[in-house]
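Taking it in order: structure first as structure tokens, then the write-up.
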Amino acid sequence: MPIVPDAKDWTWVLERACAECGFDPAATAFAAVPGSARASAARLAAALERPGARHRPDESTWSPLEYAAHVRDVCLIFTHRLDIARTGGPRTGPVIPAYDTAVTVGDNGIPMFANWDQDATAIAADYTAAETATVAVELTAAAETAARAFEAVPVTELDRAALRSNGSAFTIDSMARYFLHDLVHHVHDVEHG
């Protein structure tokens, strides 16, 4: 059985705790995001050293390698999206298969980035064929870059807005917590899946 594409709108995690992984947005301060992102990436990188990191636990669940490659790309994409929100317009984005870097700016001056089809990227980038050691290094570097980008945001910018093309609205503050949930959730997937 192939992986079933994830079509859920996960923005609800900004309103209540995630019952699956335990992430609580209300208990997560913006200042905690960089350190927690680094820690999550380190746990995923460590999981890639285990025997069987390339193997799926069942036919409908990603392997630790696939989760780590996905989280690497999440870090790259959210670094890009943070840059968009901070500058209020288009920015050069990372080259990731099936990731649309296009940005529009509405009459209200709020930038809007394209929704990302993570499953299309997983297929186009062929996560299953990646090398575990390479992904571990890339993941660590991408998480460090994202962490530094969030650390560089002054408190006065936390309310800057951005939109996703599906209508979801973010501030830099809520985007940070949304980003971190993705990492925490996938650590949970790998360690408890």
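Quick note: residue numbers are just sequence positions, from 1.
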query: Ser174: what forms a side chain to side chain donor-acceptor pair (under 3.5 Å) with it, not counting sequence neighbours?
result: Thr171
statement: So salt bridge (charged side-chain N to carboxylate O under 4.0 Å, His left out) across residues 178-193, not counting sequence neighbours, yields Arg43-Glu191
- request: Could you tell me which residues satisfy ring pair (Phe, Tyr, Trp, His ring centres under 6.0 Å) with Phe113, sequence neighbours excluded, listed by chain and number?
  value: none
- prompt: Quick one: ring pair (Phe, Tyr, Trp, His ring centres under 6.0 Å) partners of His185, sequence neighbours excluded?
  reply: Trp10, His181
- prompt: By side chain to side chain contact (heavy atoms under 4.5 Å, CB included), which residues pair with Thr28, not counting sequence neighbours?
  reply: Phe23, Val33, Arg177, Leu180
Non-neighbouring partners of Thr132 that pass side chain to side chain contact (heavy atoms under 4.5 Å, CB included), sequence neighbours left out: Leu48, Ala53, Arg54, Leu65
message: Before we go on, tell me: are the rings of His70 and Trp116 under 6.0 Å apart, centre to centre?
response: yes
message: Using the ring pair (Phe, Tyr, Trp, His ring centres under 6.0 Å) criterion, which residues pair with His192? Sequence neighbours excluded.
response: His188
query: Quick one: salt bridge (Lys or Arg N to Asp or Glu O under 4.0 Å) partners of Glu151, sequence neighbours excluded?
result: Arg38
- prompt: Which residues pass the ring pair (Phe, Tyr, Trp, His ring centres under 6.0 Å) test with Phe150, sequence neighbours left out?
  reply: Phe179
message: Show me the pairs that pass salt bridge (charged side-chain N to carboxylate O under 4.0 Å, His left out) and involve residues 105-115, at least two apart or across chains.
response: none
task: Name all residues meeting the side chain to side chain contact (heavy atoms under 4.5 Å, CB included) criterion together with Asp159; count only those two or more places apart in sequence or in a different chain, and write none if there are none.
output: none
message: Suppose we screen for side chain to side chain contact (heavy atoms under 4.5 Å, CB included). Which residues come up paired with Ala120, at least two apart in sequence or across chains?
response: Ala98, Asp117
